[in-house]
Amino acid sequence: MCCREGPRWARGHCAPSPTLLLGLLMSAAPLGLLGEETRQVSLEVIPDWPGGPQNLLHIRAVGTNSTLHYVWSSMGPPAVLLVATNTPHSTLAVNWSCLLSPEPAGGLTVLPRDSVQFSSALVFTRLLEFDSANTSEASAKPPGKSYPPYSLAEFSWNNITDSLDPATLSATFRGHPIHDPTGAFANGSLAFRVQAFPSSGRPAQAPRLLHSADTCQLEVALVGACPRGNRSLFGLEVVTLGQGPECPSVQEQHSIDDEYAPAVFQLDQLVWGSLPSGFVQWRPVAFSQRQRGRDSALPCQASPVCLTLEYPLPQSPIVRAFFGSQTNFCAFNLTFGAPTGPGYWDEHYLSWSMLLGVGTPPVDSLSPLILGIMAVALGAPGLMLLAGGVVLLLGHKQCSEYQPIN
C-alpha cells in the first residue's frame, strides 16, 4: 500500500501513513457550508512523468467557506472523484509513484484530511450495444440482443491538455478502442466533455439542465462509430461506491413544465445518502442529432442500482488511490433509444448529459410561460365569478328601487 503524505504532485516516496481513511467515502458531517451562489473555479491538468500522457484533470471550485474538488481521469476506465471540504484552502496532493504502481492506494489525497465532508466517485466502465431490430417493445430489458461490450479501460485517450478551454471551464476526454479488429471506430470516437460553472444558469443546448456553482456537467457523445447492427441501441455501464451494505438510490421527479426540455416532464437523480449529500442528476433523454431538437430526442432508461457481484469490474487507479481497497461497488446501466423512432442509425451521433454535485440538487421552478398560462387559466374563472357577482348586485339594487303604484 502506498503512503498518503507528501507534497503536492509528489513523485517520490514518503513516510508510512496511518490506516487509510475509508470513512471518507460517506462522511456523516453536515454539508451546510455548501450551496454557495458563486465559486472561484480553476482547471488544471496535473502533469505526469515527462513525456507521459496528460490525462488527470483537477477542477477546484472555491467558495467562501468550502471547496469542491473534481478529479477526472482516463487512466483505466474514465472516472471522477468528487470531494467536498469545509475550508477554502484545501488542496489535492498527487503521489505519482503510488498512483502508477500496482497498488495505488494513497496516491491521491485531499489536505487537510479532517476538512473532507463528503467524497464519492463515478466510473464509466463499459459501452454497451444491443441489436433492437427484432424487438418491438420499447421497455424490453435487455432492449435486444447484446453484442460484446466495449471495455472503456481498453480505450486509448487523447492528451487532455489539447482540449482544455479556460474560457468555458471545459475539457474533453476523447478515445477509441486500442484493439478494433472490425474497424468500428476507424472514423469514430467516444467523448466525455467536462464543464464546471462559477454560478447558476442553464446551457444553451438541450436538455438545458439547471446548474449551480456546486455542480459540474458531463456530456457523453458517441460520434461516427459503426454499429454492429442495423438498429443498434447503445448504453453505458456506470459504477459508483456503495453506502456500507446499501447502494445509492435513483429518484424520479416529475413536473408539468417542459419548456427547457420539450416533451420531457421528468428529472432523474442518484443520491448518496440523505440530502444534502452528493448527487448525479439527468433528464431521461438523449439526442441523435447535434441540433438536439425534439425530433431527435431518444428515451433514456436507467436500470436499478445493484451491487456488482456477477463479474469483476475494471479498476480505476484514481478511485483505488483515494479510497483504498474498496470492494463495495454498485452499478447501473443507462440505455439510450428505442426500437422505433429516431436513433443512432440516423446520423451516427448520440449525446447525453448529466450533472454531478454536492448539496441540495438544483430544482426547476415553473417557467414564466407556464406561470402566465396558469394565471390566465386560474384568473379567468375568478373574473367571471366577480363579473357575475357585480351583475347580480346591480340587478338586486335596481329591483329594490321599484315603487309600487297605489
Side-chain angles (χ1 to χ4, degrees), residues 1-2 4 9 11 20 22 24-25 45-49 51-59 69-83 92-110 119-128 148-161 163 171-180 185 189-194 216 218 220 222 235-242 280 308 310-334 354 356:
M1 179 179 70
C2 290
R4 295 181 72 94
W9 317 149
R11 289 174 175 157
L20 286 173
L22 295 181
L24 292 178
L25 168 60
V45 177
I46 304 174
D48 194 352
W49 303 107
Q54 307 293 315
N55 52 11
L56 194 63
L57 174 69
H58 178 214
I59 299 177
H69 298 270
Y70 303 92
V71 184
W72 294 86
S73 175
S74 58
M75 290 187 292
V80 56
L81 296 178
L82 169 59
V83 183
L92 175 71
V94 180
N95 186 320
W96 280 106
S97 63
C98 290
L99 183 59
L100 298 178
S101 70
E103 296 294 333
L108 289 178
T109 313
V110 171
S119 58
S120 195
L122 286 178
V123 186
F124 301 89
T125 50
R126 301 193 300 175
L127 176 66
L128 310 175
Y150 295 99
S151 174
L152 300 187
E154 299 174 3
F155 269 45
S156 173
W157 301 92
N158 67 318
N159 187 330
I160 189 65
T161 306
S163 65
T172 302
F173 296 88
R174 192 180 310 276
H176 54 83
I178 297 175
H179 304 289
D180 187 16
F185 279 80
S189 65
L190 179 65
F192 290 75
R193 182 178 184 269
V194 179
C216 180
L218 169 66
V220 182
L222 178 64
L236 275 178
E237 181 182 62
V238 185
V239 175
T240 185
L241 301 180
V280 182
T308 56
E310 297 181 1
Y311 54 89
L313 291 168
Q315 295 292 310
S316 167
I318 66 168
V319 173
R320 292 182 61 196
F322 189 83
F323 293 106
S325 301
Q326 170 61 240
T327 58
N328 184 17
F329 290 102
C330 300
F332 65 100
N333 294 340
L334 295 166
M354 57 157 257
L356 173 68

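When a residue number appears, it is its place in the shown sequence, counting from 1.
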S.K.: For a 4.5 angstrom cut-off between non-hydrogen side-chain atoms, does Val83 reach Phe322?
M.R.: yes

S.K.: Between the side chain of Ser101 and the main-chain N/O of Glu103, is any donor-acceptor distance below 3.5 Å?
M.R.: yes

S.K.: Side-chain contact test, heavy atoms from C-beta onward, threshold under 4.5 Å: evaluate it for Arg126 versus Asn333 and give yes or no.
M.R.: no

S.K.: Under the side-chain contact (heavy atoms from CB on, under 4.5 Å) rule, what do Trp96 and Ile46 come out as? Steps first, then yes or no, please.
M.R.: CA-CA 10 Å; Trp96 280 106; Ile46 304 174; 3.9 Å; yes

S.K.: I'd like to check Cys98 versus Pro104 (side-chain heavy atoms, cut-off strictly below 4.5 Å). Are they in contact?
M.R.: no

S.K.: Which atoms form the tightest heavy-atom contact between Thr125 and Pro77, and what is the distance?
M.R.: CA-CB, 4.2 Å

S.K.: According to the interplanar angle, ranging from 0 to 90°, do the rings of Phe192 and Phe124 count as parallel (below 30°), tilted (30 to 60°) or perpendicular (above 60°)?
M.R.: tilted

S.K.: Within the 4.5 Å heavy-atom criterion, are Leu81 and Phe323 side-chain neighbours or not?
M.R.: yes

S.K.: Hey, what do you get for OH (Tyr150) to CG (Leu128), rounding to the nearest 0.5 Å?
M.R.: 11.5 Å

S.K.: Rounded at 0.5 Å granularity, tell me how far CG in Asn55 sits from OG1 in Thr161.
M.R.: 9.0 Å

S.K.: Do the side chains of Cys330 and Val239 get nearer than 4.5 Å, heavy atoms only?
M.R.: no

S.K.: Could you tell me the separation between the CG atom of Leu190 and the CG atom of Leu152, rounded to the nearest 0.5 Å?
M.R.: 6.0 Å

S.K.: Measure the shortest side-chain to side-chain distance between Cys216 and Val194 over non-hydrogen atoms and say whether it is less than 4.5 angstrom.
M.R.: yes

S.K.: Can you confirm whether Leu56 sits close enough to Ile318 that some side-chain heavy atom of one is under 4.5 Å from a side-chain heavy atom of the other?
M.R.: yes

S.K.: Checking Ser316 against Val123 for the side-chain contact (heavy atoms from CB on, under 4.5 Å) test, could you report, in this order, the C-alpha distance in whole Å, the side-chain angles of both residues, the deciding distance, and whether it holds?
M.R.: CA-CA 7 Å; Ser316 167; Val123 186; 4.1 Å; yes

S.K.: Hey, mind stepping through Leu57 and Ser73 against side-chain contact (heavy atoms from CB on, under 4.5 Å) and telling me if it holds?
M.R.: CA-CA 6 Å; Leu57 174 69; Ser73 175; over 6 Å; no

S.K.: OG/Ser156 to CD1/Ile178 distance, rounded to the nearest 0.5 angstrom?
M.R.: 5.5 Å

S.K.: Could you please spell out the steps behind the ring pair (Phe, Tyr, Trp, His ring centres under 6.0 Å) verdict for Trp157 and Phe155?
M.R.: CA-CA 6 Å; Trp157 301 92; Phe155 269 45; 5.6 Å; yes

S.K.: Can you name the closest pair of heavy atoms from Gly324 and Ala105 and give their distance?
M.R.: CA-CB, 3.9 Å

S.K.: Could you tell me whether Arg174 atom CZ has more than 12 heavy atoms of other residues or ligands within 6.0 Å of it?
M.R.: no

S.K.: Give a yes or no answer on whether the side chain of Thr240 reaches the backbone of Ala121 with a donor-acceptor pair at less than 3.5 Å.
M.R.: yes

S.K.: If you round to the nearest 0.5 Å, how far is CE of Met75 from CG of Leu99?
M.R.: 4.0 Å

S.K.: In Å, rounded to the nearest 0.5 Å, how long is the span from CG of Leu236 to CZ of Phe332?
M.R.: 9.5 Å

S.K.: Do Leu122 and Leu356 have side-chain heavy atoms sitting under 4.5 Å apart?
M.R.: yes

